[in-house]
Protein chains: 2
Amino acid sequence: MLSDLQQEFMLHFGEMGSRWGINRTVGQIYAVLFLSENPLCADDLVARVGVSRSNVSMSLKELQGWNLVELRHKPGDRRDFFKTPDDMWQIVRTLVEERKKREIDPTLTKLRQLEMRQTPRDDAYAHARITEMRELIELLTGWYDEMNRLETERLVALLNMGARLQQFARKARLLPARKTKPEI
Amino acid sequence: MLSDLQQEFMLHFGEMGSRWGINRTVGQIYAVLFLSENPLCADDLVARVGVSRSNVSMSLKELQGWNLVELRHKPGDRRDFFKTPDDMWQIVRTLVEERKKREIDPTLTKLRQLEMRQTPRDDAYAHARITEMRELIELLTGWYDEMNRLETERLVALLNMGARLQQFARKARLLPARKTKPEI
DNA sequence: TTGAAATTTCAGAAATGTCTGAAACTTCAG
DNA sequence: CTGAAGTTTCAGACATTTCTGAAATTTCAA
């Protein structure tokens, strides 16, 4: 049912799952869908991944919660078929968005809330530290929001620029000229 | 021992721990160290977090594995004292670096390895999909490496530019001029 | 309606992960 | 050396998460 290539890819995603904050089955199901040219139904996944039907059902629910799979239907067939988006960039955007939502937003909210609080004098350091953290997170997420607004084509162009970015920023006087390194 | 502010911050880090791929105690210990002006020793952490001595020991080991804490010593005291780096940017750089090492590098290696393989004709789609994924990860990590080379000061300047980045890239002819939006 | 196909829910079993106390180990002053 | 202070290790207790099969629910053609 799965080629060696597909099988090994699936097992890798299962193993990495715990590091990525999803469980093994979810990782494996995602991997199989990712490599499949055609949408698959739940029973296809049972056959390919080798876990119970109910586990597949719950895992698909979780993947839908992450917006990582799309639902498809075939005429005259009431089963749900699933596929991953064709566009890798779409997948990356979704992943970053969802991780931000789960891993960063709750903390940002908490930091703001703690900062509001009346702070006793002797907590000044902790308070300052929390502010520092909040400000840095806001800078990074704000910048991420900007990047996210770019269409993929332009974003790729920007990323491909890579090292050259600094030079251009300097030329455009967005950054100070490079300090000359002291000779040894 | 801990103020309300510190306590709530610590508990939040404990709760978020599982989403961040660390366990509760590790998150709590990190939180306490982060807010503490002075380095703390293991027994300080036992008192503040309220877990066993051995748990603190193992958690500190894990934090050291992540390079998220620094070791300090006081003259005439053989205990190890711990603190988080003062520089928030340093912390972010470490976090990203370590997560890349754990969550991305192993997969990049695996993808390259799978790509090398002789692929049967009917696996062309899966093979192409793996290539696509590898190329995108390489683009993103390559760009990350470039950004990582920037000193913090310049990086902050770039991030603060935010939206303006696109305009300047366009002016510098790094991106095509904006398409005029069709009027409604 | 009815009932067959498909899906979801859920209680408990299985597997994993975390935490503790006790024991082992390390270090170093005396 | 010796032993006191500090630290680490680890087996098993405890807690959480994941997985399954059986039962409940939904869907829709006939």
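Just the heavy atoms: all of them, side chains too, but no hydrogens, waters or symmetry mates, feed the values below.
- The end-to-end axis angle of the helix from C:dT1-D:dA30 to C:dG30-D:dC1, rounded to 10 degrees and based on five pairs per end, is 10°.
- Using a 4.0 Å cut-off between charged nitrogen and carboxylate oxygen, B:Glu98 and B:Arg102 count as a salt-bridge pair.
- Ring pair A:Phe34/A:Phe9 is parallel by interplanar angle, where below 30° counts as parallel and above 60° as perpendicular.
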What's touching nucleotides 26-28 of chain C from the protein side, N or O pairs under 3.5 Å?
unit_1: C:dT27; atom_1: O2; unit_2: B:Arg78; atom_2: NH1; d: 3.4

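- Look at CZ on B:Arg79: it is 18 Å from P on D:dA4, rounded to the nearest Å.
- Listed by first then second residue, pairs satisfying salt bridge (Lys or Arg N to Asp or Glu O under 4.0 Å) with a partner in residues 26-55 of chain B read B:Asp43-B:Arg53, not counting sequence neighbours.
- Salt-bridge check for B:Arg112 with B:Glu115: failed, with every basic side-chain N at 4.0 Å or more from each acidic carboxylate O.
- Side-chain contact between B:Leu114 and A:His12 is absent, with no heavy-atom pair separated by less than 4.5 Å.
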How far apart are the C-alpha atoms of A:Arg19 and B:Thr107, what are their side-chain angles, what is the distance that settles it, and do they pass the side chain to side chain donor-acceptor pair (under 3.5 Å) test?
CA-CA 11 Å; A:Arg19 300 195 192 186; B:Thr107 296; over 6 Å; no
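- Side-chain contact between A:Trp66 and A:Ile22: present, with at least one pair of heavy atoms (C-beta onward) separated by less than 4.5 Å.
- Per the geometry, CG belonging to A:Asp80 stands 20 Å off P belonging to D:dT25, to the nearest Å.
- Between A:Glu97 and A:Arg93 there is no salt bridge, since none of the side-chain N atoms of the basic residue sits less than 4.0 Å from a carboxylate O of the acidic one.
- Residues satisfying the salt bridge (Lys or Arg N to Asp or Glu O under 4.0 Å) test with A:Glu70, not counting sequence neighbours, are A:Arg72.
- The separation between B:Lys61 atom NZ and C:dC19 atom P is 17 Å, rounded to whole Å.
- Using a 4.0 Å cutoff on non-hydrogen atoms, the parts of residues 31-60 of chain A near DNA chain D are A:Val51, A:Ser52, A:Ser54, A:Asn55, A:Met58, ordered by number.
- A donor-acceptor contact shorter than 3.5 Å links the side chain of B:Asn23 to the backbone of B:Val26.
- Between B:Lys83 and B:Leu33 the shortest side-chain heavy-atom distance does not fall below 4.5 Å.
- The heavy-atom pair separating A:Arg129 from B:Ile91 by the smallest distance is NH2-CD1, 4.1 Å.
- Of the residues in residues 17-28 of chain B, those with a non-hydrogen atom less than 4.0 angstrom from any atom of DNA chain C are B:Asn23, B:Arg24, B:Thr25.
- When rounded to the nearest whole Å, the span between CG of A:Asp77 and P of D:dC28 equals 12 Å.
- Between the CZ atom of B:Arg72 and the C1' atom of D:dG6 there is a distance of 20 Å, given to the nearest Å.
- Between B:Tyr30 and B:Phe13, the ring-plane angle classifies as parallel under the 30° and 60° cut-offs.
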